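Some notes on the structure that comes next.
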Amino acid sequence: KAGVTQTPRYLIKTRGQQVTLSCSPISGHRSVSWYQQTPGQGLQFLFEYFSETQRNKGNFPGRFSGRQFSNSRSEMNVSTLELGDSALYLCASSTGTGLEYIQYFGAGTRLSVL
Amino acid sequence: GNSVTQMEGPVTLSEEAFLTINCTYTATGYPSLFWYVQYPGEGLQLLLKATKADDKGSNKGFEATYRKETTSFHLEKGSVQVSDSAVYFCALSDEGYGGSQGNLIFGKGTKLSVKP
């Protein structure tokens with residue numbers, strides 16, 4: 001079974017631009033969560049999508065948004081990039097239900113904002 | 001709100017040494033607890049988990065027991081190997097809307113280096 005796939009692996013953007021990151025979950029998984037990882041703040045939850053609906057949201061500004069498609073693939077978008085948005089963005093997928101709720105992570109997209 | 005505190009690293013050990021990485025949590029309700037490992041340049045891999053008090057999670061020689069009375073989930077391994085060098089994250093599931101657990105709260109991570 002293929003794992004969680006994130007594309008692209010690396011991105012370089014300049015301040016003020018916008019960026020879209022993609023995540024393909026494990027087949028059969030309906031939940032996709034996004035996290036930001038930085039050396040200073042560690043791993044922080046951005047949002048979770050389940051069956052095309054945002055189910056949970058972290059404490060990030062509105063510049064960060066996401067969506068999920070009918071095939072469970074998800075994208076996140078960051079508009080008006082700031083230097084502080086430089087980070088590793090991790091996507092995780094899970095079945096989204098049940099007690100055995102395990103999140104499986106992709107390798108991440110490393111975003112550098114210049 | 002819910003939170004996770006784990007010991008700061010880095011931790012440097014010799015091969016075959018005993019490993020303990022402390023993790024304590026603050027939570028309302030009954031969260032599930034996890035240890036994830038991150039190797040250089042990679043995403044997170046689930047190492048082990050426990051879903052209720054007194055559960056012991058184990059995998060690849062690593063163990064951790066869900067202690068509700070001390071709100072702890074310390075990671076242990078009896079004999080580390082060079083290949084165990086990585087960053088280890090303790091995490092808890094934060095129950096969100098509709099009972100979902102799609103929000104993991106992580107500790108800051110502990111970098112482990114094992115020398116031959």
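To find a chain, count down the sequence lines: A is the first, B the second, and so on, and within it residues start at 1. Quick caveat, the model's predicted, so the values are computed rather than measured.
Proximity to chain A is limited to the side chain of B:L46, based on heavy atoms less than 4.5 angstrom apart. The contact between B:Q38 and chain A is made entirely by side chain atoms (from C-beta outward), counting heavy-atom distances below 4.5 Å. Only the side chain of A:Q37 has a heavy atom closer than 4.5 Å to any heavy atom of chain B. For A:L88, the part lying near chain B is the side chain, with the backbone staying farther off; criterion is any non-hydrogen pair under 4.5 Å.
Among residues two or more places apart in sequence or in another chain, the ring pair (Phe, Tyr, Trp, His ring centres under 6.0 Å) test is passed with A:F60 by A:F64. Residues meeting the side-chain hydrogen bond (donor to acceptor under 3.5 Å, both in side chains) test with B:S72, sequence neighbours left out: B:T70.
Using cut-offs of 30° and 60° for the angle between ring planes, the B:W35 and B:F73 rings count as parallel.
No donor-acceptor distance shorter than 3.5 angstrom exists from the side chain of A:T109 to the backbone of A:R9, with no hydrogens or angles considered.
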